[in-house]
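Worksheet for the structure shown next.
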Amino acid sequence: MSKKQTKISSGKNSDLDIIEMILEDHKPLKELIEVMKDSEKEIEERQEAFAEFAPLLVSHAKPEEQSLYRYMKGDEELREGGFEGDVEHQLADQMVEEIMRTEDEDLWSARVKVLAELVEHHIEEEEEELLPDFRKHSESRDRERLGQLFLELKTKILERGGMDAPHERDSHARH
Ligand SMILES: [Fe+2]
Ligand SMILES: [Fe+2]
């Protein structure tokens with residue numbers, strides 16, 4: 001409690017702030033989205049990008065729902081954004097599952113493009129509206145507490161397997 005004053009008055013986001021963590025997570029997702037939505041690219045390259053994107057999305061979206069969105073849904077001013085975020089995540093989940101089951105290449109290509117655009121738009125809204133609103137309606141100690149939670153949830157998902165540190169393979173997705 002005694003630290004409250006210094007934390008708030010520092011003004012800047014620390015690395016423990018959930019906003020910083022979310023922005024960091026968005027970077028590799030955005031790079032993969034660029035490849036996935038580009039139907040001029042070789043299908044193999046887009047397939048590789050999608051294979052990397054899908055687990056990365058899960059290990060970002062689930063912790064986000066259970067920390068940030070949950071917090072937002074409990075705040076009168078923020079709740080609409082939290083619910084909308086959940087709905088958009090559900091849509092993306094459904095599309096990812098559909099894409100995994102799609103064998104026809106043209107249909108696969110169309111679905112991946114639509115998914116990429118959906119998530120691109122979602123991330124844009126999050127960065128331009130939702131996170132700034134959240135910043136206004138929270139204090140740095142809330143953002144650090146949520147950052148801690150976000151990290152714990154993410155670590156759990158990554159430990160559960162099938163989610164091997166995709167960022168290490170970034171170079172693949174970018175040729
Ligand atoms: Fe996000
Ligand atoms: Fe999100």
Side-chain angles (χ1 to χ4, degrees), residues 12-38 49-100 111-160 162-170 173-174:
K12 283 242 158 66
N13 289 341
S14 76
D15 291 345
L16 301 170
D17 188 315
I18 189 171
I19 293 180
E20 292 309 309
M21 292 180 191
I22 287 177
L23 294 176
E24 262 320 292
D25 267 16
H26 285 174
K27 288 178 190 168
L29 289 171
K30 287 197 242 182
E31 283 175 17
L32 293 165
I33 282 170
E34 286 306 314
V35 181
M36 283 160 56
K37 72 174 186 181
D38 186 352
F50 173 73
E52 197 172 333
F53 177 84
L56 209 53
L57 186 67
V58 173
S59 69
H60 172 69
K62 296 300 157 196
E64 194 174 73
E65 288 161 21
Q66 290 163 27
S67 56
L68 177 68
Y69 293 175
R70 183 169 289 172
Y71 176 90
M72 291 180 73
K73 288 188 286 184
D75 181 295
E76 201 54 48
E77 300 289 328
L78 301 170
R79 51 190 284 120
E80 198 181 337
F83 278 102
E84 279 176 23
D86 272 346
V87 173
E88 287 179 5
H89 282 198
Q90 277 166 24
L91 266 178
D93 272 357
Q94 285 165 17
M95 292 193 67
V96 166
E97 275 180 38
E98 264 179 18
I99 289 164
M100 285 173 166
R111 282 181 166 157
V112 163
K113 188 168 181 175
V114 173
L115 170 70
E117 286 169 353
L118 170 83
V119 180
E120 182 178 46
H121 177 72
H122 174 78
I123 287 179
E124 236 171 63
E125 265 190 358
E126 219 159 79
E127 294 186 357
E128 284 163 25
E129 295 168 32
L130 201 126
L131 291 174
D133 280 353
F134 164 66
R135 195 195 305 269
K136 259 187 256 160
H137 294 273
S138 60
E139 294 185 9
S140 61
R141 66 197 156 106
D142 297 320
R143 295 195 292 274
E144 289 191 4
R145 178 177 56 79
L146 290 168
Q148 180 73 32
L149 178 62
F150 181 84
L151 211 59
E152 282 169 18
L153 292 163
K154 192 174 165 182
T155 306
K156 261 188 214 155
I157 290 178
L158 292 172
E159 280 171 359
R160 231 177 278 151
M163 315 284 179
D164 57 339
H167 55 273
E168 286 173 16
R169 289 180 280 123
D170 258 2
R174 257 189 263 140

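Counting starts at 1 for both ligands and their atoms, following the listed order. Owing to the predicted nature of the structure, the values given are computational and were not obtained by experimental measurement.
Between Lys27 and Glu24, at least one side-chain nitrogen of the basic residue sits less than 4.0 Å from a carboxylate oxygen of the acidic one, meeting the salt-bridge criterion. With respect to the salt-bridge test (charged N to carboxylate O, under 4.0 angstrom), the residues Glu65 and Lys62 qualify.
Each of Glu84, Gln94, His60, Glu64 was compared with His89 under the side chain to side chain donor-acceptor pair (under 3.5 Å) criterion, and only Glu64 meets it. Just one of Glu120, Glu127, Glu124 meets the salt bridge (charged side-chain N to carboxylate O under 4.0 Å, His left out) condition when paired with Lys30; it is Glu127. Under the side chain to side chain contact (heavy atoms under 4.5 Å, CB included) rule, Leu130 has a single partner from Leu68, Ile22, Leu78, which is Leu68.
Only protein atoms were considered; those of element N, O or S under 2.8 Å from the Fe ion (ligand 1) number 4.
If you look at Phe134 and Tyr71, their ring centroids are closer than 6.0 Å.
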